[in-house]
Amino acid sequence: MSACKDQDPRIHAIQSRIRVVPDFPKPGIMFQDITTLLLDPKAFKDTIDLFVERYKSKNISVVAGIEARGFIFGPPIALAIGAKFVPLRKPNKLPGKVFKQEYDLEYGSDCLEMHIGAVEAGERALVVDDLIATGGTLRAAMDLLERAGAEVVECACVIEIPDLKLLQGKEQLNGKPLYVLVESQ
């Protein structure tokens, strides 16, 4: 589900601040660069505010952010809705015992890790990242949280990339709701 682009004027401003970088990190990839969004304090705040407005009354106790850009959006959302923030990291970045989950990317494969004990059974979780492409990263994040006994309420992304067979990406979420603010340019 996307934010209603026709009713909220903040959506257009957010979308206009996202830069597209061709052939990064490899030829053929149209990289959606959110660093230009972060340079505009109003657009960045509006991005956080839209997510907070959606989640403030959903009884979310965990906001899980996916490394690295999920770390930018997740913590302010967590603070604003009174939830804890749990980082989901690349391999060998977390000290202590971790759950691991491997997944496929549009241009390779990777692994996410989460501290054992960071999430308790029965907690309601929101997964946050900057974008959804093939859905593999979000699926891995959901798997980690569910292995710890959490209920994943929804996945939230700033950007969706419909050109990358997004239907397949959404299918990776096994029926969990997906909320995105803008489509890629």
A.B. asks: How long is the straight-line distance from CZ of Phe44 back to CD1 of Ile34, given to the nearest 0.5 Å?
C.D. replies: 7.5 Å
A.B. asks: Of all the heavy-atom pairs spanning Phe99 and Ala148, show the shortest one and how long it is.
C.D. replies: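 Closest pair (atom of Phe99, atom of Ala148, distance): CE1-CB, 3.9 Å.
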A.B. asks: More than 12 heavy atoms of other residues, nucleotides or ligands under 6.0 Å from CD of Glu102: is that the case?
C.D. replies: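 Result for CD/Glu102: open.
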A.B. asks: To check you understand the geometry: which heavy-atom pair defines the closest contact between Ala43 and Arg17, and what is its length?
C.D. replies: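 Looking at all heavy atoms of both residues, the closest pair is CB-CG, 3.8 Å.
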A.B. asks: Go through the steps to decide whether Val86 and Val119 satisfy the test side chain to side chain contact (heavy atoms under 4.5 Å, CB included), and finish with yes or no.
C.D. replies: CA-CA 8 Å; Val86 174; Val119 176; 4.0 Å; yes
A.B. asks: Does Arg124 use its side chain to pair, donor to acceptor, with the backbone of Lys58 at less than 3.5 Å?
C.D. replies: yes
A.B. asks: Are Val180 and Ile159 close enough that some pair of their side-chain heavy atoms sits under 4.5 Å apart?
C.D. replies: no
A.B. asks: If you measure from OG1 on Thr35 to CG on Leu38, what distance do you get to the nearest 0.5 Å?
C.D. replies: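 Between atom OG1 of Thr35 and atom CG of Leu38 there are 6.5 Å.
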A.B. asks: Got a donor-acceptor contact below 3.5 angstrom from the Ser109 side chain to the Tyr103 backbone?
C.D. replies: no
A.B. asks: What closest approach, in Å, do Ala13 and Ser16 show between heavy atoms, and which atom pair accounts for it?
C.D. replies: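 The answer is O-OG, 2.9 Å.
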A.B. asks: Do you know the tightest heavy-atom contact between Gln32 and Ile161?
C.D. replies: CG-CD1, 4.0 Å
A.B. asks: If we only count heavy atoms from C-beta on, is the Thr47 to Asp49 side-chain gap below 4.5 Å?
C.D. replies: no
A.B. asks: Pair Arg147, Gln101 - check side-chain hydrogen bond (donor to acceptor under 3.5 Å, both in side chains), show working.
C.D. replies: CA-CA 10 Å; Arg147 281 170 55 198; Gln101 186 66 46; 3.3 Å; yes
A.B. asks: Looking at Met142 and Leu173, what are the two nearest heavy atoms and their distance?
C.D. replies: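 Minimum heavy-atom contact is CE-O, 3.4 Å.
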A.B. asks: For the backbone of Asn92 and the side chain of Glu113, can you confirm whether one donor and one acceptor N or O come within less than 3.5 Å of each other?
C.D. replies: yes
A.B. asks: Could you tell me whether the side chain of Leu50 reaches within less than 4.5 Å of the side chain of Ile48, counting heavy atoms only?
C.D. replies: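 They are not in contact (no side-chain heavy atoms under 4.5 Å apart), so the answer is no.
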A.B. asks: Spell out, as yes or no, whether a donor-acceptor pair under 3.5 Å connects the side chain of Ser61 to the backbone of Ala83.
C.D. replies: no
A.B. asks: Answer yes or no: is there a side-chain heavy-atom contact under 4.5 Å between Leu112 and Pro91?
C.D. replies: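 Sidechains of Pro91 and Leu112: no contact.
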A.B. asks: Between Val153 and Leu126, is there a side-chain heavy-atom distance shorter than 4.5 Å?
C.D. replies: no
A.B. asks: Do side-chain atoms of Glu67 reach the backbone of Lys90 as a donor and acceptor pair under 3.5 angstrom?
C.D. replies: yes
A.B. asks: Applying salt bridge (charged side-chain N to carboxylate O under 4.0 Å, His left out), run through Arg139 and Glu146 and close with a yes or a no.
C.D. replies: CA-CA 10 Å; Arg139 177 74 244 167; Glu146 289 170 351; 3.4 Å; yes
A.B. asks: Could you give the distance from CD1 (Ile77) to CD1 (Ile72), rounded to the nearest 0.5 Å?
C.D. replies: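 Going from the CD1 atom of Ile77 to the CD1 atom of Ile72 covers 11.5 Å.
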A.B. asks: Under 3.5 Å, is there a donor-acceptor pair between the side chain of Asp23 and the main chain of Lys26?
C.D. replies: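 Checking the backbone N and O of Lys26 against the side chain of Asp23, no donor-acceptor pair under 3.5 Å is found.
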A.B. asks: Determine the sole option in His115, Met114, Lys93 for which the side chain to side chain contact (heavy atoms under 4.5 Å, CB included) test with Val98 is passed.
C.D. replies: His115
A.B. asks: Yes or no on salt bridge (charged side-chain N to carboxylate O under 4.0 Å, His left out) for Arg54 and Glu154, after CA distance, side-chain angles and deciding distance?
C.D. replies: CA-CA 11 Å; Arg54 180 168 180 86; Glu154 192 162 83; 2.8 Å; yes
A.B. asks: Measure the shortest side-chain to side-chain distance between Pro75 and Val63 over non-hydrogen atoms and say whether it is less than 4.5 angstrom.
C.D. replies: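 With C-beta onward as the side chain, the pair stays apart.
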A.B. asks: Hey, what do you get for CZ (Arg19) to CZ (Phe31), rounding to the nearest 0.5 Å?
C.D. replies: 9.0 Å
A.B. asks: Answer whether the closest heavy-atom distance between the side chains of Val152 and Val127 falls below 4.5 Å.
C.D. replies: yes
A.B. asks: If I compare all heavy atoms of Leu88 with all of Ala141, which pair ends up nearest, and what's the gap?
C.D. replies: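 Reported closest heavy-atom pair: CD1-CB, 3.4 Å.
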A.B. asks: Between CZ of Arg69 and SG of Cys157, what distance do you get to the nearest 0.5 Å?
C.D. replies: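 Output value for this atom pair is 11.0 Å.
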A.B. asks: Any chance you could measure Asp130, atom CG, to Phe71, atom CZ, to the nearest 0.5 Å?
C.D. replies: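 Output value for this atom pair is 12.0 Å.
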A.B. asks: Go through the steps to decide whether Glu160 and Leu181 satisfy the test side chain to side chain contact (heavy atoms under 4.5 Å, CB included), and finish with yes or no.
C.D. replies: CA-CA 8 Å; Glu160 66 179 346; Leu181 296 182; over 6 Å; no
A.B. asks: Is there a path of hydrophobic side-chain contacts, each under 4.5 Å between heavy atoms, that joins Leu79 and Val158?
C.D. replies: no
A.B. asks: Do Phe73 and Asp129 have side chains that approach each other closer than 4.5 Å (heavy atoms only, starting at C-beta)?
C.D. replies: no
A.B. asks: Using modelled atom types only, decide if a donor and an acceptor are shared between the side chain of Glu123 and the backbone of Glu120 within a distance under 3.5 Å.
C.D. replies: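 Indeed, once roles are kept as given, a pair shorter than 3.5 Å links the two residues.
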A.B. asks: Under 4.5 Å between side-chain heavy atoms, hopping through other hydrophobics if needed: is there a path connecting Ile116 to Leu94?
C.D. replies: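 They do not share one cluster, since no chain of ILVMFWY contacts under 4.5 Å joins Ile116 to Leu94.
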A.B. asks: Determine, step by step, whether Lys45 and Arg10 satisfy the side chain to side chain contact (heavy atoms under 4.5 Å, CB included) criterion, reporting the C-alpha distance in whole Å, the side-chain angles of both residues, the deciding distance to 0.1 Å, and the verdict.
C.D. replies: CA-CA 10 Å; Lys45 182 180 184 317; Arg10 298 174 289 182; over 6 Å; no
